[in-house]
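Inspection log for the structure reproduced underneath, given as structure tokens.
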Amino acid sequence: MKVFSEKPKVILVPYPAQGHVTPMLMLATAFHRHGFLPILLTPNYIHRQISSPTHQHILFISIPADGLDDDTQRDFFAVETVLETAMPAHLKRLLGDLGGGVAGMVVDLLASSAIRVGRELGVPVAGFWPAMFATYRLISAIPNMVQNGFISSHTGSPVEGGSKRRVPNEPLLSAEELPWLIGTSSARKGRFEFWIRTMARAKSLKWLLVNSFPEVEELIPTPKSSSGAAVFLVGPLSRHSSPAKTPTFWEEDGSCLQWLEKQSSDSVVYISFGSWVSPIGESKVRSLAMALLALRTPFIWVLRPNWRHGLPIGFTHKVGSYGRLVSWAPQREILRHRAVGCYLTHCGWNSIMEAIECRKRLLCFPVAGDQFLNCGYVVKVWRIGLKLNGFGEKEVEEGVRKVMEGDEMKERLMKLHERAMGEEANCTINSNFTAFTNDLNIDTQKLPTKVQPPINM
């Protein structure tokens, strides 16, 4: 495929999950506004869902996902295998076919095999971290945690001493809340090895773009990563995407927006636990459903059909007109609505950013990965939400009441919104991104005009 354009091309390689593709699309828009032609690469099964006429400034290119098709269970390890074994060869061919004018690549660190491809072909590569910078600092501290005897060098599990021990230099976390401690012992070990490999590859990066704002007042706008890469905080990237609608992997149920129009201001609880896997299990689904029936507060609950096995019999009938159960929802539009009073969330980073953008207080129920650290910032640092430890009727009722009626919490949220998303913050985002693109252009001038693929391709 030859792509002819007077604009310099930037290849964007996201990790193939909704929470990673969405911010990468927003990053593509930022590149477009700075005079680049952004080219977004995704597997076939995602390309069909996101290539959109509303994003004509982005060139969408699909690459084969050998081993992943519409009927495949796409869990973390299945996706990792494809990214490691199949994707690099396809990426090399594509870079060779594109010819000259490739200014660089931006690679989601979770798709780190693409970093090697860029290095082999002499293409400048920037890393992309779609989550909070504090999470990057935590994961890059693995060698120190091993050296200090806090975690095992083989499994990443905490050494004997109890799961309640606090993580060194991160007092918001207990030892069992480290991002790779998910699932069975073998799954935990596999994730730990994944992060060690990822961070080793990231050491070759000159730049790291982070979809985050300074999480605390003292953090300088352009800190250094542990590998020495220059860090550019360019979040929230949603500042670059409005008013364009970001494509999603599933069809959204827009009828809930009409339902919201009939509700009182600040009366509705919006509930969503993300898009990757069923996050809370049947027993918790049932407990939350029973709590909502008892509470009788208006709600919208995003629950995929294959996650509904724990619902009580007749739940939708019992809920009546005061609740809506939907398979997927236009989340940003819902959070912007004046009727929504709080957001019950798993604390995925995109969801946290959208809540701050739309000035919605949070009820937090973190499940895995970076969600515990995100929750720690929401509850203990910014104090714009509360954490639920379970879905008992009393706990849910008290949580909803405290969050919806918390005037001091609302005031803190408004201040955080201004600091993260006000005009001064927007100037900082643009300044950081401009500094990166200027550096990228300087680096690109040193390169040959055409990418040369390896002879053994």
Side-chain angles (χ1 to χ4, degrees), residues 1-14 20-42 46-47 50-63 87 90-108 111 114-115 117-128 130 205-211 230 232-247 426-427 429-453:
M1 171 189 290
K2 295 290 184 183
V3 177
F4 299 98
S5 173
E6 295 180 357
K7 296 180 178 180
K9 305 163 192 167
V10 173
I11 312 298
L12 300 136
V13 185
H20 294 252
V21 172
T22 295
M24 193 67 97
L25 277 166
M26 295 175 180
L27 188 63
T29 298
F31 273 108
H32 166 70
R33 291 181 177 177
H34 281 76
F36 292 82
L37 172 63
I39 302 175
L40 189 77
L41 306 185
T42 54
I46 290 178
H47 174 81
I50 66 168
S51 53
S52 167
T54 62
H55 289 78
Q56 295 180 1
H57 55 279
I58 302 172
L59 178 60
F60 295 88
I61 296 181
S62 66
I63 56 176
M87 190 266 285
H90 296 304
L91 180 56
K92 288 177 184 178
R93 292 190 186 96
L94 177 64
L95 282 168
D97 290 344
L98 284 174
V102 177
M105 291 171 55
V106 179
V107 176
D108 189 318
I115 297 174
V117 174
R119 189 167 64 245
E120 289 174 18
L121 299 184
V123 178
V125 181
F128 178 57
L205 296 172
K206 183 177 179 180
W207 312 280
L208 181 67
L209 303 177
V210 184
N211 184 26
F232 296 90
L233 302 181
V234 294
L237 283 167
S238 57
R239 296 287 298 184
H240 295 283
S241 65
S242 298
K245 186 176 178 60
T246 302
N426 191 43
C427 289
I429 294 169
N430 286 323
S431 176
N432 288 348
F433 199 82
T434 298
F436 163 69
T437 55
N438 288 342
D439 203 13
L440 178 64
N441 281 326
I442 291 171
D443 213 63
T444 303
Q445 291 170 9
K446 306 172 186 176
L447 297 174
T449 57
K450 181 175 176 62
V451 174
Q452 297 295 336

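Here the CG atom belonging to Leu237 is positioned 7.5 Å from the CD1 atom belonging to Ile429, to the nearest 0.5 angstrom. Here Leu40 contributes atom CG and Thr42 contributes atom OG1; the two are 5.5 Å apart, rounded to the nearest 0.5 Å. Taking CZ of Phe128 as the reference point, atom CG of Leu27 lies at 5.0 Å (rounded to 0.5 Å). Atoms CG and CD1, from Leu37 and Ile39 in turn, are 5.0 Å apart once rounded to the nearest 0.5 Å. Within the model, atoms CZ of Phe436 and CG of Leu208 stand 10.0 Å from one another, a figure rounded to the nearest 0.5 Å.
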(Q) Is there a side chain to side chain contact (heavy atoms under 4.5 Å, CB included) between Leu25 and Ile58? Walk through the geometry before answering. (A) CA-CA 8 Å; Leu25 277 166; Ile58 302 172; 4.0 Å; yes
**Q.** side chain to side chain contact (heavy atoms under 4.5 Å, CB included) assessment of Phe31 paired with Leu12
**A.** CA-CA 10 Å; Phe31 273 108; Leu12 300 136; 4.0 Å; yes
Q.
I'd like to know whether Asn211 forms a side chain to side chain contact (heavy atoms under 4.5 Å, CB included) with Met26, so could you lay out the CA-CA distance, the side-chain angles of the two residues, the decisive distance to 0.1 Å, and finally the verdict.
A. CA-CA 10 Å; Asn211 184 26; Met26 295 175 180; 5.8 Å; no
Q | Test log, rule side chain to side chain contact (heavy atoms under 4.5 Å, CB included), inputs Ile11 and Val123 | A | CA-CA 10 Å; Ile11 312 298; Val123 178; over 6 Å; no
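Looking at every heavy atom in both residues, Leu91 comes nearest to Met105 through CD2-CE, 3.7 Å. Considering all non-hydrogen atoms of both residues, Pro23 and Pro130 come closest at CG-CB, 3.9 Å. Scanning both residues, Leu440 and Phe36, for their nearest heavy atoms gives CD2-CE2, 4.2 Å. Nearest heavy atom pair, residue Val10 against residue Val106, reads CG1-CG2, 4.0 Å. Nearest heavy-atom pair, Asp108 versus Met24, reported as atom, atom and distance to 0.1 Å: N-CE, 3.8 Å. Scanning both residues, Ala114 and Val13, for their nearest heavy atoms gives CB-CG1, 4.2 Å.
Lys9 contributes a side-chain N or O that, together with a main-chain N or O of Leu98, makes up a donor-acceptor pair within less than 3.5 Å.
With His34 as reference, Thr434 is the one residue of Thr437, Asn430, Thr434 to meet the side chain to side chain donor-acceptor pair (under 3.5 Å) rule.
Side-chain contact between Leu41 and His90 is absent, with no heavy-atom pair separated by less than 4.5 Å.
Between His57 and His32, the ring planes are tilted. Angles from 30° to 60° get that label.
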